[in-house]
Visitor: 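Sharing a structure, written as structure tokens. Questions coming.
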There are 2 protein chains.
Amino acid sequence: MGEDRAMEANDAEDSAPGTGPGDATARPHTGRRRNEAVRQAILDAALRLLVESEGAPITVEAVARAAGVGKQTLYRWWPSKGAVLLDALTDRAGQDVPPPDTGSLRDDLRTVVAATFDAARRAPWAPALRTLVREAATDPHLAELLRTYTGARRALLHEVLDRGRARGELPADRDLDLLVDQVYGLFWYRFLLGHAPLDRAAAERLTDSLLGPGTA
Amino acid sequence: MGEDRAMEANDAEDSAPGTGPGDATARPHTGRRRNEAVRQAILDAALRLLVESEGAPITVEAVARAAGVGKQTLYRWWPSKGAVLLDALTDRAGQDVPPPDTGSLRDDLRTVVAATFDAARRAPWAPALRTLVREAATDPHLAELLRTYTGARRALLHEVLDRGRARGELPADRDLDLLVDQVYGLFWYRFLLGHAPLDRAAAERLTDSLLGPGTA
DNA sequence: TCTTGACGAGACTGACGGTCTCGTTAAAGT
DNA sequence: ACTTTAACGAGACCGTCAGTCTCGTCAAGA
């Protein structure tokens, strides 16, 4: 999401003296260069506010002030507030670990579910994620990226279930999409509403509910 | 949601003879009465805008103008924009029908789930509900109201499950809160993301997934 | 040294939620 | 009829916030 403007100078080098501004699009870069430290400061500040904001909305001015930066500098490099927050989170947030493949569907599923629940409870991502979802409600750009993100998560879990079904641990006609959505549906529902816990016990019981009570 | 201002004149001053409202808080109403037609006009306008807005935010001024009403009239009877929108939707949208009690948990659950899915798909409520949730993301007041609403829905479903468990159709140690959240979690997840259908087949399969495949 | 463009600062615009005031009007008691 | 009370429509007004504009300054190249 860097969103650099294209100022690459593919000039034919007749620039200054010759024809001059004949072709408008290409011109060599002159003047002061972008300060990378400023970009870092902005991203740092945005991430910090995102983490510290307990659901409270984040203003552009707050980000700019925390970064010691003028608002215009922010809008010079990012198209909107949402783009900055997104960039801050994706640029430094946790990478997706590959899902487990132990040979036991129940173990794999329990692991994925528990890891998902844990991650959301673990500071400092929970408030940041909650705030991000909130912002996404009024920012189509953010909404789209979040949609892509959740789709990727579903695909990952779908793979785990698919392997289990191939092993015969699930009936061939079981609706895997439904199972996946039962997991993430419950997760987001409880995460955003906060009316019930997302702890280990819940993960355990959810796994049992989806696969049937363990025979062991 | 009445929100009458408390301007009780708790004067002892035997103002109205013979009325006998000795208690301080009660004072006979005088002056012009609330115009019910105005309330209807506001609710109608709000609902119409809600239905027609494809995700676009709704302004208070738009509601007031569409209803031919001053903004203050709106704020005289509702505490916030969100309250009006929610009232508009709940007042005329699906009445909370009491949950079924046929004596069969499977039938009852299937009915509730299918009805929930159907209601959300039935035009024109889907866009209205989506807009409402969007507004809730930036309106703490509305968020609270929505939380209350979803809580009530959960309680209703919980009752159904409780009756079934009392009949022995569910193991005594089954986590009913989890079951409820699996239903509404899946519902909201698919409803808001829109990546998978909420049709009869999904309702059927969800019911089976929660109770185990039907023996019939 | 001169030009260019990034930078910090902050004034400004336009929307919007919500409040306040004003003149008008309907319902009740006297 | 007269008075009191409060709801009504209209719209000015306030605070907040995303995004733009302007200005004086500063760094990098020519």
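Letters A, B, ... mirror the listed sequences (proteins, then strands); counts begin at 1. Fair warning: this is a prediction, and the values are worked out from it, not measured in the lab.
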Visitor: What one-letter contact string describes nucleotides 7-20 of chain C from 5' to 3', where B marks a base within less than 4.0 Å of any protein heavy atom, S marks contact via sugar-phosphate atoms alone, and - marks no contact?
Guide: BSB------SSBBB
Visitor: Rounded to whole Å, please give me the gap between CG in Leu85(A) and C1' in dA18(D).
Guide: 12 Å
Visitor: Taking salt bridge (Lys or Arg N to Asp or Glu O under 4.0 Å) as the cut-off, I'd like each qualifying pair that reaches into residues 126-142 of chain A, sequence neighbours left out, listed once.
Guide: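 Every pair satisfying salt bridge (Lys or Arg N to Asp or Glu O under 4.0 Å) with a residue in residues 126-142 of chain A: Lys81(A)-Glu135(A).
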Visitor: What integer distance in Å separates Arg134(A):CZ from dC17(D):P?
Guide: 14 Å
Visitor: Scan residues 184-193 of chain B for pairs that pass side chain to side chain donor-acceptor pair (under 3.5 Å), counting only residues two or more places apart or in two chains.
Guide: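 As it turns out, the side chain to side chain donor-acceptor pair (under 3.5 Å) pairs with a partner in residues 184-193 of chain B, which skip direct neighbours, are Arg154(A)-Tyr189(B), Asp181(A)-Arg190(B).
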Visitor: Checking Leu146(A) now: which residues fulfil side chain to side chain contact (heavy atoms under 4.5 Å, CB included) with it, not counting sequence neighbours?
Guide: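 Applying side chain to side chain contact (heavy atoms under 4.5 Å, CB included) to Leu146(A) gives Leu132(A), Val133(A), Ala136(A).
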Visitor: Would you tabulate the side-chain donor-acceptor contacts of residues 55-71 of chain B under 3.5 Å, counting partners in other chains and residues two or more places apart, or write 'none'?
Guide:
from     : atom 1 : to       : atom 2 : distance (Å)
Thr59(B) : OG1    : Ala62(B) : N      : 3.0
Glu61(B) : OE2    : Lys71(B) : NZ     : 3.2

Visitor: Tell me every residue that passes side chain to side chain contact (heavy atoms under 4.5 Å, CB included) with Glu144(A), counting only those two or more places apart in sequence or in another chain.
Guide: Arg147(A), Thr148(A)
